[in-house]
K.L.:
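Sharing a structure below in structure tokens format, with a few things to ask.
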Amino acid sequence: MDKSTAVILVKNVLERLNSADDRLFYIKGPITHSEREALELMLGQFQARGAAVAAKRRAPPAAPDAAPARPPSAPPEKAPPLALQVFDLAHPPEEVRLCMEFGGYACKAAVLDSRGAEESATVLEIGLAGRQDPTRSRELATSLYIDARGRLWLGQAAVEMSLEESAQGRRRRFDGIKHFLLEDKLDSKADPALNPTRFSVTLRELLLAYLAFFTWTVNRGLEALDLPLNLPRRFILPALAPQRRQAVEQEMRALLCAAAVLAESFDFDYDLEHGEPVLLHDFVLAARELRRMRPLSGCSLVTEAVEDAQAAAASRVSGIDAVNRLMMVIDAGAARVEWGLFLMEYDSADGAANTFLIDGSARSLDRGGDFIDRILGLYALYKGGITKAHAGYAAIRNRLALSISAYKEELFNAGVVNIPLGDELSVQVEREEFLATKPMGELARELADTQQEVLEAVTPLALESAPAGELLVALSGGCAGLPLFLGLTQGRLQVRGLRLERVPAVEHPLWLNSLQPELRALFARVAPVIGGARDDALTARHDD
């Protein structure tokens, strides 16, 4: 059979293909012997061409100085050089502390400096280094995306590139990265929706790539303050069972130490006028080489882990505020909602202000902002009449998932949002309408029940310490402004025969007015990372 005849027969086969959905096809009618012969002929020609190309690549160059240039997309023969200088820097000042918060939607980092007469807090502008909108200069989007050419896009750049390549709805961003860490899924291989390349990588390696980018932006913030890059760092963790906490803390220590090296081994500047994004293959080769070298044993760069709620509580108390209160902290994040009950004490004799976590009050609920995103996406599909039977269901659902978080923010800020589901279809969702849905009603009840459980889990003596029967309720985290959580700050509760009047905490503590007034509007989002860098963030638990 000649090539022209084979081409005609193969075209006949292709014309009989019918689409089952946007990913699967089936053929109408049988394949004849001639058509099969044509397909085998075309396959043989492709295999022969591939073998010839492979042989040509293996052939030695004609002369040492005449070696052909390797295409930019071809994998390097060895790992890029590693920058280990961070471990050779002079000892940093002990009075300066850095805390990093690895959030579900956004990462934050803060530095507290006790070298002066008064402690100063600075939330680093990591968003600027990450090429984000200047209005979000102190937050870094928690997203990673691998494009069709195997390039790593991180932060806001990942969001933008994923939307640009989402025409078919077959690709996925690495969002909700915190879930993979907490659910012990880091050894899983990244599926083709996340990693379109033929280079196999694990979720741990993708998480490390994001943490290296996060560390790189933190380093740029430290340089702006003329602080050393080897500043010891704490990090924020959610409340976990002791055994699971130990495993997660150990994993994060190792990843952040490795990220400190890889952050300075690559340039994560997404100003494309000055170069290409980091290649996935290059980064993973360097990460694996670093692991083989084992230079991180005994790494002291990463110090303590601080729980979300305790860090948020520590951010609210100081000698300036000088109050003794019983306070419940609710940290409403993307992956989880964290709870803790604290006794705020101020000793006027020595000026010490502390927050003590009351034993048995720590709680964690696995239904945060990500859960609300998922429910909003499903509700939009329902309103648009898009079911699994729809021919383009998978593509529409996947495209919607890439931007649903932004639609949720608009919904709660403006009270209404238009959500596009296709080229000519969109649905309008109103805030009250969405909050009245069954899943959101169930979430509201679950939050209220958890608040009651936290109070009932502690000893009556702890509740009796509330002055005038008032329970101060402080909200933090990216979802703190949602009506679901604001409703937990007001009204009367009955707990073990005691009546507690819930009082909303002020939006920001008094100490912020005199030291860092520009952080007031952001305080709910950055409270944990500020508190995590304070000396009293690690105060011992209260002895009831």
Side-chain angles (χ1 to χ4, degrees), residues 101-108 127 132 136 138-144 155-156 158-159 162 172-183 210 214 236-240 307-309 311-312 329-340 363-381 397 400-415 417 419 429 431 434-435 437-448 450-451 473-489 522-529:
E101 183 184 8
F102 176 49
Y105 289 139
C107 291
K108 280 84 71 176
Q132 288 184 182
R136 296 183 58 204
R138 291 180 170 89
E139 297 179 302
L140 191 70
T142 311
S143 295
L144 177 150
Q156 186 62 30
V159 176
S162 67
R172 195 155 57 92
R173 266 198 324 262
F174 195 30
D175 285 333
I177 299 176
K178 202 171 182 179
H179 286 297
F180 295 100
L181 173 68
L182 299 178
E183 294 171 11
Y210 182 83
F214 178 25
I236 302 294
L237 273 185
L240 299 167
E307 288 186 0
D308 261 313
V329 171
I330 305 173
D331 186 67
R336 293 184 171 200
V337 182
E338 303 291 333
W339 308 71
R363 286 287 190 284
S364 192
L365 183 65
D366 292 333
R367 288 176 181 264
D370 289 345
F371 174 78
I372 300 173
D373 288 351
R374 189 160 61 252
I375 297 303
L376 179 57
L378 291 172
Y379 185 65
L381 292 173
R397 181 198 62 199
L400 181 59
L402 295 174
S403 50
I404 193 63
S405 179
Y407 294 135
K408 178 194 68 181
E409 197 165 322
E410 183 179 346
L411 171 66
F412 285 108
N413 287 338
V417 64
I419 302 178
V429 180
R431 180 171 53 208
F434 177 62
L435 290 173
T437 62
K438 183 179 178 181
M440 295 305 290
E442 291 174 349
L443 176 58
R445 286 190 294 274
E446 191 169 10
L447 291 170
T450 305
Q451 185 175 43
V473 182
L475 299 178
S476 63
C479 297
L482 301 189
L484 289 166
F485 297 98
L486 292 173
L488 301 172
T489 67
L522 288 173
F523 185 74
R525 292 178 178 269
V526 300
V529 76

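Everything numeric in this text was worked out from a predicted model, so none of it was measured.
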K.L.:
With heavy-atom distances below 4.5 Å as the criterion, would you say the side chains of Arg173 and Leu402 are in contact?
P.N.:
yes

K.L.:
For Val329 versus Ser476, what's the shortest heavy-atom pair and its separation?
P.N.:
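Of all heavy-atom pairs spanning Val329 and Ser476, the closest is CG1-OG, 4.5 Å.
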
K.L.:
Students often mix this up, so state it plainly: with edges at 30° and 60°, are the rings of Tyr379 and Phe434 parallel, tilted or perpendicular?
P.N.:
tilted

K.L.:
Less than 4.5 Å apart, side chain to side chain, heavy atoms only: is that true for Cys479 and Lys408?
P.N.:
yes

K.L.:
Is a side-chain donor or acceptor of Gln132 paired with a backbone partner of Gly155 at a separation under 3.5 angstrom?
P.N.:
no

K.L.:
Return yes if a side-chain donor-acceptor contact under 3.5 Å exists between Thr450 and Arg363, otherwise no.
P.N.:
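No, Arg363 and Thr450 have no side-chain donor paired with an acceptor closer than 3.5 Å.
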
K.L.:
Report the distance from atom CD of Glu409 to atom CG of Leu376, rounding to the nearest 0.5 Å.
P.N.:
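It is 12.5 Å, given to the nearest 0.5 Å.
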
K.L.:
Any idea which heavy atoms bring Thr489 and Leu486 closest together, and the distance?
P.N.:
OG1-O, 2.7 Å

K.L.:
Please round to the nearest 0.5 Å and tell me the distance separating atom CZ of Arg136 and atom CZ of Arg525.
P.N.:
7.5 Å

K.L.:
Just how far is it from atom CG of Leu447 to atom CH2 of Trp339, taken to the nearest 0.5 Å?
P.N.:
5.5 Å

K.L.:
Hey, mind stepping through Tyr407 and Val429 against side chain to side chain contact (heavy atoms under 4.5 Å, CB included) and telling me if it holds?
P.N.:
CA-CA 10 Å; Tyr407 294 135; Val429 180; over 6 Å; no

K.L.:
Is there a side-chain contact between Val473 and Phe485 in this structure, where contact means two heavy atoms from C-beta onward sitting under 4.5 Å apart?
P.N.:
no

K.L.:
Can you tell me how far apart CG (Asp331) and CG (Leu365) are? Round to the nearest 0.5 Å.
P.N.:
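It comes to 12.5 Å.
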
K.L.:
Donor-acceptor pair, Glu101 side chain versus Val526 backbone, under 3.5 Å?
P.N.:
no

K.L.:
Can you check whether Asp370 reaches Tyr105 side chain to side chain, under 4.5 Å on heavy atoms?
P.N.:
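Of all side-chain heavy-atom pairs linking Tyr105 with Asp370, at least one is under 4.5 Å.
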
K.L.:
If only atom types and distance count, is the side chain of Arg138 paired as donor or acceptor with the main-chain N or O of Lys108 below 3.5 Å?
P.N.:
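No, the answer is negative, given that no donor and acceptor are paired below the 3.5 Å cut-off.
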
K.L.:
Side chains of Glu307 and Leu240, heavy atoms from C-beta outward: is any pair under 4.5 Å?
P.N.:
no

K.L.:
Flag the pair Ile375 / Leu443 as yes when at least one side-chain heavy-atom distance between them is below 4.5 Å, and no otherwise.
P.N.:
no

K.L.:
CG/Asp366 to CZ/Phe371 distance, rounded to the nearest 0.5 angstrom?
P.N.:
11.5 Å

K.L.:
Please round to the nearest 0.5 Å and tell me the distance separating atom CG of Asp373 and atom CD1 of Ile404.
P.N.:
6.5 Å

K.L.:
Looking only at atom types and distance, does a side-chain atom of Ser143 sit under 3.5 Å from a main-chain N or O of Ala158, one as donor and one as acceptor?
P.N.:
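No, because the side chain of Ser143 does not come within donor-acceptor range (under 3.5 Å) of the backbone of Ala158.
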
K.L.:
With a 4.5 Å cut-off on side-chain heavy atoms, are Ile330 and Gln451 touching?
P.N.:
yes

K.L.:
With a 4.5 Å heavy-atom cut-off, do Leu140 and Tyr210 have their side chains touching?
P.N.:
yes

